[in-house]
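One structure below.
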Amino acid sequence: MEVTNYFTLTIPAYSRNESFARVVVAAFAAQLDPTLEEINEVKTAVSEAVTNAIIHGYGEKGGEIVITCTLRADNTLEVIIKDTGVGIEDLEQAREPLFTTRPDLERSGMGFTVMEEFMDSVSVDSKPGQGTVVTMTKKLSTGEQGGHETNL
Amino acid sequence: MEVTNYFTLTIPAYSRNESFARVVVAAFAAQLDPTLEEINEVKTAVSEAVTNAIIHGYGEKGGEIVITCTLRADNTLEVIIKDTGVGIEDLEQAREPLFTTRPDLERSGMGFTVMEEFMDSVSVDSKPGQGTVVTMTKKLSTGEQGGHETNL
Amino acid sequence: MKITKQQSGDILVVGVSGELDHHSSALLKSEIGAELDKGGVRHIILDLRELTFMDSSGLGVLLGRYKELGKWQGKMLAFGLQPVVEKMFRLTGLNQLIPVHPDLASCYKALGV
Amino acid sequence: MKITKQQSGDILVVGVSGELDHHSSALLKSEIGAELDKGGVRHIILDLRELTFMDSSGLGVLLGRYKELGKWQGKMLAFGLQPVVEKMFRLTGLNQLIPVHPDLASCYKALGV
Ligand SMILES: Nc1ncnc2c1ncn2[C@@H]1O[C@H](COP(=O)(O)OP(=O)(O)O)[C@@H](O)[C@H]1O
Ligand SMILES: Nc1ncnc2c1ncn2[C@@H]1O[C@H](COP(=O)(O)OP(=O)(O)O)[C@@H](O)[C@H]1O
């Protein structure tokens, strides 16, 4: 399906950039005029993946996160969030609800579960020592289909 | 002066991305809690430079624009807007008020004048056939100095 | 950006809301152009109360319409400018070609209505 | 994010407004922690009317405080959830640990006040 727009954003892995990452993806998705609920779901999923890169990928020691968003002619939004941190040893275990390697940081282990709930598809590619790439897609409604509720 | 935050954003040179570019830079600058007037000035300057890349740099035929923003510890925002389009032959002439090479497109020739008026410094680096880099800086006030008027 | 149009006699009142940049200026140009093509418009009053952003591309499209009206000695007036738009008018000298009024009534008065 | 705190008897009412994510959750943790350290708090009521965003990091910090209250059989209640926050409570099962009430009065009532 034809790509109609895209962006690539590189940010340092600072926790204060979590909200910035959400705003940028939401502003980009808003060009389709989706519902407020869809925008909130995308924002939440982005927040989960970016936070994971900061906390788990880079162990809160900084590094860079690359976010790539693509819109296609069928109104599908694809969000790719990439870090070059420690990577994930056991992907299947990582995606289980309530599983976390950092209970000491009060992590709930629900990050991947939230991403899966709020997006249409979530795929994770990771190599220990090399980093993690989370790819999520979601089909958004457009204004004609009953959007017009957002104001970004 | 120490860099406290930054981002790099790559977008296709579509006119519908002019507003997206403004929103992203404004959201980034908002972390300092500047005044609404300062945010509007930065948005306008960004709009001028991005529009120039789309219209003049790439002749409205597409291409990529790279926007890099840096915040420093003294609250200075630096915005760099780069295209790899046709470049500018005579830089001095280009920066004169009312000068435009595209009166056919109803350009006012006031783009560089507006950038200079709204930012503290504007420097332009361009090579014909290779592209143009516009670097602008502006010292922003923070909340403590009387900001808190913006809501981004 | 959203555009509203309302004609009374030979005066067209154009309301522009949202952000007027290069992307949206094409629409403003064609919307006003369509009215001018019909032949009954002499003057234009711009209602800018809801305009929250304007850059030099917006300036260009307003200047272009101003020049068209000049062909038949028509005038262009504006009212309701927000500070950020007012600043662009002042900075670029546009206010010397398109006089800025406090409200619609004062625009009509200036046109002798 | 902004936090307000108000204590009446052994009940602490914590208002959380804005966005509760990993970045802001540290502040919420320390603000509530400071009150618990003083020793007079038994139950907590969360006023979430102004909370516009919460992700699983917010969930983690609320769960953490919930567990602390458990040490002395204290309860945590919440009211005023916006749809997006309500969804996170339901999806993650948090509403089974932190009961959601329609308003402050109903929270007080549930605590026998
Ligand atoms: N970007 C990442 N880099 C390294 N490990 C990760 C990354 N994302 C997730 N993980 C691992 O997967 C686990 C589960 O993630 P998640 O479901 O988001 O829960 P939580 O973040 O609360 O731990 C994490 O505890 C961590 O071990
Ligand atoms: N990114 C660019 N690439 C090539 N030429 C440019 C670029 N930016 C500006 N110029 C040249 O400089 C001239 C003046 O620019 P400006 O002051 O913004 O006015 P305008 O855009 O209205 O023409 C343009 O007409 C164009 O010839």
Side-chain angles (χ1 to χ4, degrees), chain A residues 11-23 25-26 35-60 65 95 97-119 149-152, chain D residues 1-3 14 16-34 36 44 46 48-71 76 78 81-98:
Chain A
I11 47 173
Y14 303 152
S15 67
R16 62 183 178 280
N17 285 334
E18 290 156 9
S19 61
F20 178 59
R22 292 197 296 271
V23 169
V25 176
T35 65
L36 185 57
E37 187 178 6
E38 287 171 335
I39 286 280
N40 278 328
E41 289 173 345
V42 169
K43 279 174 85 168
T44 311
V46 167
S47 200
E48 300 295 351
V50 168
T51 302
N52 279 353
I54 294 169
I55 297 180
H56 304 300
Y58 294 117
E60 300 188 273
I65 301 172
R95 296 180 67 153
L98 300 174
F99 176 81
T100 179
T101 51
R102 300 301 304 270
D104 55 313
L105 295 177
E106 300 197 329
R107 304 301 301 164
S108 63
M110 292 298 280
F112 279 123
T113 307
V114 168
M115 289 182 242
E116 282 162 13
E117 186 70 22
F118 286 178
M119 302 293 281
E149 292 165 45
T150 176
N151 213 351
L152 262 159
Chain D
M1 194 193 55
K2 267 186 205 142
I3 296 168
V14 181
V16 191
S17 65
E19 308 205 329
L20 178 56
D21 61 7
H22 161 244
H23 182 68
S24 54
S25 64
L27 180 65
L28 182 59
K29 180 177 176 178
S30 73
E31 286 282 323
I32 294 181
L36 298 188
I44 290 180
L46 298 167
L48 303 185
R49 286 175 297 177
E50 306 286 320
L51 188 67
T52 55
F53 178 88
M54 184 180 109
D55 62 14
S56 79
S57 302
L59 178 76
V61 74
L62 293 185
L63 267 177
R65 308 293 71 67
Y66 166 83
K67 282 178 195 163
E68 284 195 50
L69 296 183
K71 291 180 197 163
M76 188 176 259
L81 281 65
Q82 296 189 16
V84 56
V85 176
E86 169 113 51
K87 193 165 185 178
M88 278 296 286
F89 267 66
R90 249 188 301 114
L91 169 69
T92 60
L94 192 64
N95 54 358
Q96 278 155 38
L97 305 175
I98 305 176

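Just so we're on the same page: letters track the sequence lines, and every chain starts at 1.
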Residue, of D:L63, D:D21, D:V61, that accumulates the most heavy atom pairs under 4.5 Å with chain A: D:D21
Is any side-chain heavy atom of [Y] closer than 4.5 Å to one of [X]?
{"X": "D:H22", "Y": "A:E60", "answer": "yes"}
{"X": "A:E37", "Y": "D:V84", "answer": "no"}
{"X": "D:F53", "Y": "A:S19", "answer": "no"}

Salt bridge D:E19-A:R22, side-chain N to carboxylate O under 4.0 Å: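 So D:E19 pairs with A:R22 through a salt bridge.
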Pair D:R65 + A:E106, salt bridge at N-O below 4.0 Å: yes
With a cut-off of 6.0 Å (strictly less than), are more than 12 heavy atoms of other residues, nucleotides or ligands near CD of D:E31? yes
Hey, is CZ on A:R95 packed in by over 12 heavy atoms from elsewhere, all under 6.0 Å?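 Yes - once you tally the heavy atoms of other residues, nucleotides and ligands closer than 6.0 Å, there are more than 12.
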From [X] atom [atom1] to [Y] atom [atom2], the distance as rounded to the nearest 0.5 Å:
{"X": "A:M110", "Y": "D:T92", "atom1": "CE", "atom2": "OG1", "answer": "5.5 Å"}
{"X": "D:S24", "Y": "A:R16", "atom1": "OG", "atom2": "CZ", "answer": "14.5 Å"}
{"X": "A:F118", "Y": "D:M88", "atom1": "CZ", "atom2": "CE", "answer": "6.0 Å"}
{"X": "A:N40", "Y": "D:T52", "atom1": "CG", "atom2": "OG1", "answer": "8.0 Å"}

Could you pull out the closest heavy-atom pair between D:M54 and A:T44, with the gap in Å? O-CG2, 4.2 Å
Side-chain donor/acceptor of A:S108 to backbone N/O of D:S56, under 3.5 Å: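 Side chain of A:S108 to backbone of D:S56: a pair is present.
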Using non-hydrogen atoms and a 4.5 Å limit, figure out which bit of D:K29 sits close to chain A: side chain, backbone, both or neither. side chain
Heavy-atom distances under 4.5 Å only: say whether [X] touches chain D with side chain, backbone, both or neither.
{"X": "A:T51", "result": "side chain"}
{"X": "A:L105", "result": "neither"}
{"X": "A:Y14", "result": "neither"}

Output, in order, the C-alpha distance, side-chain angles, deciding distance and verdict of salt bridge (Lys or Arg N to Asp or Glu O under 4.0 Å) for D:K87 and A:E117. CA-CA 11 Å; D:K87 193 165 185 178; A:E117 186 70 22; over 6 Å; no
Give the intermediate values and the outcome of side-chain contact (heavy atoms from CB on, under 4.5 Å) for residues A:R107 and D:S57. CA-CA 6 Å; A:R107 304 301 301 164; D:S57 302; 2.9 Å; yes
